[in-house]
Amino acid sequence: MTTTTQSKPAHRIGALGDFPDRKVVPADVDGRTVGVLRRGDEVFAFANRCPHHGAPMCHAQVSGTMRPSERNEYDYDLEGYIVKCPWHAYEFDVRSGTAMGDIMKSRLVVFQTEVRDGDVFVTLQRVARPA
């Protein structure tokens, strides 16, 4: 089933229950492989290509990350929102594609997703760049 959203079609890729929590699952969207990550009732989809050297992000590890903090303090945050490149361990926030720690200007391509009536839809439209 395909519906139209913002001039690009939304593709049904499965039921929400088809995607295990906090695990990257590859999905075919209009002939293109994308990584899909579920975190509770939220679903994120992103390109299967790291912006650094093109590693397959469908093999990414899901984690959190360390936030800047005071000396001898450790602030671990964003559990389940961070995907780590399988080749060089670059970390990206799946909500925006932003590289953690501003380590690079390039960002992971993140696509629009929607959960409707228990079904997951992906639109091959990039999520807007964060302000």
Exercise. Do L108 and V62 sit in the same hydrophobic cluster, where Ile, Leu, Val, Met, Phe, Trp and Tyr count as joined when their side-chain heavy atoms come under 4.5 Å apart?
Worked result: yes
Exercise. Would V83 and V110 show up in the same hydrophobic cluster when neighbours are defined by side-chain heavy atoms closer than 4.5 Å?
Worked result: yes
For this session: Please state whether the rings of Y90 and H52 are parallel, tilted or perpendicular, taking 30° and 60° as the class boundaries.
Result: tilted
Exercise. Between L78 and M57, is there a shared hydrophobic cluster once you connect ILVMFWY residues whose side-chain heavy atoms come closer than 4.5 Å?
Worked result: yes
For this session: Any chance you could measure I82, atom CD1, to M100, atom CE, to the nearest 0.5 Å?
Result: 4.5 Å
For this session: Nearest 0.5 Å please: distance from the NE2 atom of H59 over to the SG atom of C85.
Result: 11.0 Å
Seminar exercise, completed: Between P56 and P86 the two heavy atoms that sit nearest each other are O-CG, 3.4 Å
Exercise. Is the CG atom of D102 crowded by more than 12 outside heavy atoms at less than 6.0 Å?
Worked result: no
Exercise. Using a distance-only test with no angle check, is there a side-chain donor-acceptor pair under 3.5 angstrom linking Y81 and R95?
Worked result: no
For this session: Mark yes or no for whether N48, through its side chain, and C58, through its backbone, hold a donor-acceptor pair below 3.5 Å.
Result: yes
For this session: For S63 and E91, work out which heavy atoms get closest and say how close.
Result: OG-OE2, 4.5 Å
Exercise. Which atom names give the shortest non-hydrogen contact between D119 and A15, and what distance separates them?
Worked result: OD1-CA, 3.9 Å
For this session: Of all the heavy-atom pairs spanning R107 and G97, show the shortest one and how long it is.
Result: CB-O, 2.9 Å
Problem set entry | Backbone of T98 reached by a side-chain donor or acceptor of S96 within 3.5 Å | yes
Exercise. When hydrophobic residues are tied together by side-chain contacts of less than 4.5 Å, even through go-betweens, does F111 share a cluster with V115?
Worked result: yes
For this session: Inspect the surroundings of CZ in R39 and state if more than 12 heavy atoms from other residues, nucleotides or ligands are less than 6.0 Å away.
Result: yes
For this session: Answer yes if I103 and F92 sit in the same cluster of Ile, Leu, Val, Met, Phe, Trp and Tyr residues linked by side chain heavy atoms under 4.5 Å apart, and no otherwise.
Result: yes
Seminar exercise, completed: Here the pair of heavy atoms bringing G54 nearest to R49 is CA-NH1, 3.4 Å
For this session: Measure the spacing between SG of C50 and CH2 of W87 and express it to the nearest 0.5 Å.
Result: 8.5 Å
Problem set entry | Within 45° cone of F121 ring axis and under 6.0 Å: R116 NZ or CZ | yes
Indicate every side-chain donor-acceptor pair of residues 22-38 with a distance under 3.5 Å to a residue at least two apart or in another chain.
| residue | atom | partner | partner atom | Å |
| --- | --- | --- | --- | --- |
| D28 | OD1 | G31 | N | 3.4 |
| D28 | OD1 | R32 | N | 3.4 |
| R38 | NE | G40 | O | 2.7 |
| R38 | NH1 | L16 | O | 3.4 |
| R38 | NH1 | F19 | O | 3.2 |

